[in-house]
Protein chains: 2
Amino acid sequence: MSKVTIYDVAKRAGVSTATVSKVLNGTGRVGKETIARVERAVEELQYRPNLLASALKKKRTFTLGLLVPDVVNPFASLLIRAIEEVALSYNYSVLACSTDNKQEREEKLVDTLLSKRFDGIIIASSEFSSESAIQQLQRQDVRAVFVDRVVTDSPYPVFATDHYLGSYLVTEHLIQLGHRKLAVFLEPLYLRSSLERLRGFSAALEAYGIAQNSFQVYSGGFGADAGYALAQQILQREDLPTAIVATTDLIAVGVLQKLHEVGIVVPRDMSLVGYDDIPLAGMAAPPLTTVAQPVIEMSKLVVAALLSEEAQEITTTLLPPKLVVRNSTAAPESYVVAERE
Amino acid sequence: MSKVTIYDVAKRAGVSTATVSKVLNGTGRVGKETIARVERAVEELQYRPNLLASALKKKRTFTLGLLVPDVVNPFASLLIRAIEEVALSYNYSVLACSTDNKQEREEKLVDTLLSKRFDGIIIASSEFSSESAIQQLQRQDVRAVFVDRVVTDSPYPVFATDHYLGSYLVTEHLIQLGHRKLAVFLEPLYLRSSLERLRGFSAALEAYGIAQNSFQVYSGGFGADAGYALAQQILQREDLPTAIVATTDLIAVGVLQKLHEVGIVVPRDMSLVGYDDIPLAGMAAPPLTTVAQPVIEMSKLVVAALLSEEAQEITTTLLPPKLVVRNSTAAPESYVVAERE
DNA sequence: TTGTAAGCGTTATCAT
DNA sequence: ATGATAACGCTTACAA
């Protein structure tokens, strides 16, 4: 630990600690000359204020806690980075933790964050376990917000992408390309975000008067493994869809891998879209058509909400996603052929 | 901020704060009954000790700082997660920051971490800017370690994968498959890790008596973009190599994309290997042969080194990488076959 | 076994 | 414009 304290600086500058504190914080009036002396002492001593002591007194740690399912998840990384950037502009740091969607773990982490007295907590973890976490938070009074997880009756502000809309847009894109036989691959259905995505998918079909069959929806786990497995499953069918809406880029990549294995070429033989627009999406072969979440915008709102002086309004803010068209989508072959005739 | 303090607990339990502290920390002798009373009070009041105050007194924050180039980079994520896990087992949190390999930014971040009095700082950022960061650290006395970046004359322990060996292994794998015309794609050459990888590549060729030409080595930026560009560059050549050693999975993915575009099939027409074994490597089409870094093992050593009671030994520890053979490599004969039209 | 009280390094109030 | 000094919430000798 750094041994030099505000006392050392005060002594060296020949002033009181109060004065040093004032120049350091720019509070109160201090003579120009005094300021210079203090600053020189700080420099000479390589003094770094102890933020622990400062925080204890000021009740501000300049740190935000962030809960995500897994920092390794590309979308989580994207979110972490965006929040980190915005926080930095406020002179804040952010400590991100992986909950693994495990309730016990989440509770333990919330406990820690609470003890460390962070100035705000951002929950971007699954809504699955948030129930108890919410209770924990409410008993202490910390600012908190939920991100990208629609949670009903939340006592905290919620910021999320309009997944219904995103899903609608990307499905519509496929339909406009001529697809009529679509399937949707979802993350587990207990996630509200999955349901929203499903709703958007379904609404798009409805809007264009396309018949809907329940067997068009597939749902498994998370990640590429899930996509791979789901693809394997759908390949058993006699009548394959001409396009697949994967509601996660990771799932899409898994699908891509399976299709590649069995020699189905995307988008020639089948179209495929993802969701999230993680960096990987642009690097897939072929680059994935997907929907981008407004991560930066969302992060700005989130941090601002946490750090604002005013009382928090408990509202849900839905942000608009953006369709990103790349090369994994094309008109279905039959469609093209039909046009020619 | 939580209003309940140790005083409230003491009052409620009818004991002194000293006693409460003792039962909370398990230090000193306290009567069984008293313990029960205190614990009940803690529970009823939902008391969470203020770790700021505690840290101020004990000089331990139970938090580690971690500097990586970019949390979005998949390998960085892997490292962050591994360190997070190990730290958690010690009841520690880790705050990861992205330096963007920018010196100014790195210095600012180190400053912040220093002020927050973290118990240790892990530098996994580029050696490029570490010079000044090291100086900053040394003036304060914090524990620190370097990870995955070989830095000469480091005043701190360094833990890194033996990139020379990893590169050697994967190159040898290619040679044993029958490849004789190899190229290597590297990250910028001012990175010692790049040089080590190059050395391993070269040594393998040497060991097998394969002629080496300078134009076999290509070096550009980081990430898939770089790989894509490098691939584009090499495709201009008349005599293509039969295998490419990309010293990063991300670079390999970029290469894959370019090759895919021009219709070169991996590994039939050309073999390709990556490095790092990020999750993406296994999901590429085809899944990438690569070399895995012992991230978990490394993280264990790193955290242990930071948290150990004993004086730090300033040594460099090189950990062995592991060759992971998947489907992006094959004997070059097929390439010849493909040539005959 | 339990309590008193002096810090830990800041900031902020109130004098001067 | 500057300085004493009392907190902030906890830990830890040292007493009792």
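Bear in mind the structure is a predicted one, so any value in this text is a computation, not a measurement. A note on names: the letters A, B, ... follow the listed sequences, proteins ahead of strands, and every chain is numbered from 1.
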S.K.: Could you check whether R81(B) pairs with D100(A) (Lys NZ or Arg NE/NH1/NH2 to Asp/Glu carboxylate O, under 4.0 Å)?
M.R.: yes
S.K.: Is a salt bridge present between E104(B) and K108(B), judged by a nitrogen-to-oxygen distance below 4.0 Å?
M.R.: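 Not counted as a salt bridge, because no side-chain N and carboxylate O are separated by less than 4.0 Å.
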S.K.: Has K58(B) got a side-chain N or O lying under 4.0 Å from the OP1 or OP2 atom of dT12(D)?
M.R.: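 Result: no.
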S.K.: Under 4.0 Å: is that the gap between some side-chain N or O of N25(B) and OP1 or OP2 of dT11(D)?
M.R.: yes
S.K.: If you compare every side-chain N and O of T34(B) against the phosphate oxygens of dT2(C) (OP1, OP2), does one of them come in below 4.0 Å?
M.R.: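 Checking dT2(C) against T34(B), a side-chain N or O does come within under 4.0 Å of OP1 or OP2.
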S.K.: Is K22(A) side chain donor-acceptor paired with the dG3(D) base, going by distance under 3.5 Å alone?
M.R.: yes
S.K.: Could you check which of dT11(D), dT2(D), dT10(C) has an atom nearest any side-chain atom of S54(B)?
M.R.: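 Selected nucleotide: dT11(D).
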S.K.: Here's a test of your reading of the structure: between V15(A) and A53(A), which maps to the more 5' nucleotide of DNA chain D?
M.R.: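 Counting from the 5' end, the first nearest nucleotide belongs to V15(A).
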S.K.: Flag the pair R60(A) and E309(A) as a salt bridge only when some basic side-chain nitrogen lies within less than 4.0 angstrom of an acidic carboxylate oxygen.
M.R.: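 Looking at R60(A) and E309(A), the cut-off is not met.
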S.K.: At less than 3.5 Å, do the side-chain atoms of K57(B) and the base atoms of dG9(D) form a donor-acceptor pair?
M.R.: no
S.K.: Rounded to whole Å, please give me the gap between NZ in K11(B) and C1' in dG3(C).
M.R.: 16 Å
S.K.: Tell me: CD1 of I35(A) to P of dA1(D), nearest whole Å?
M.R.: 10 Å
S.K.: Nearest whole angstrom, please: distance from the P of dG9(C) to the CG of L45(A).
M.R.: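 That distance rounds to 14 Å.
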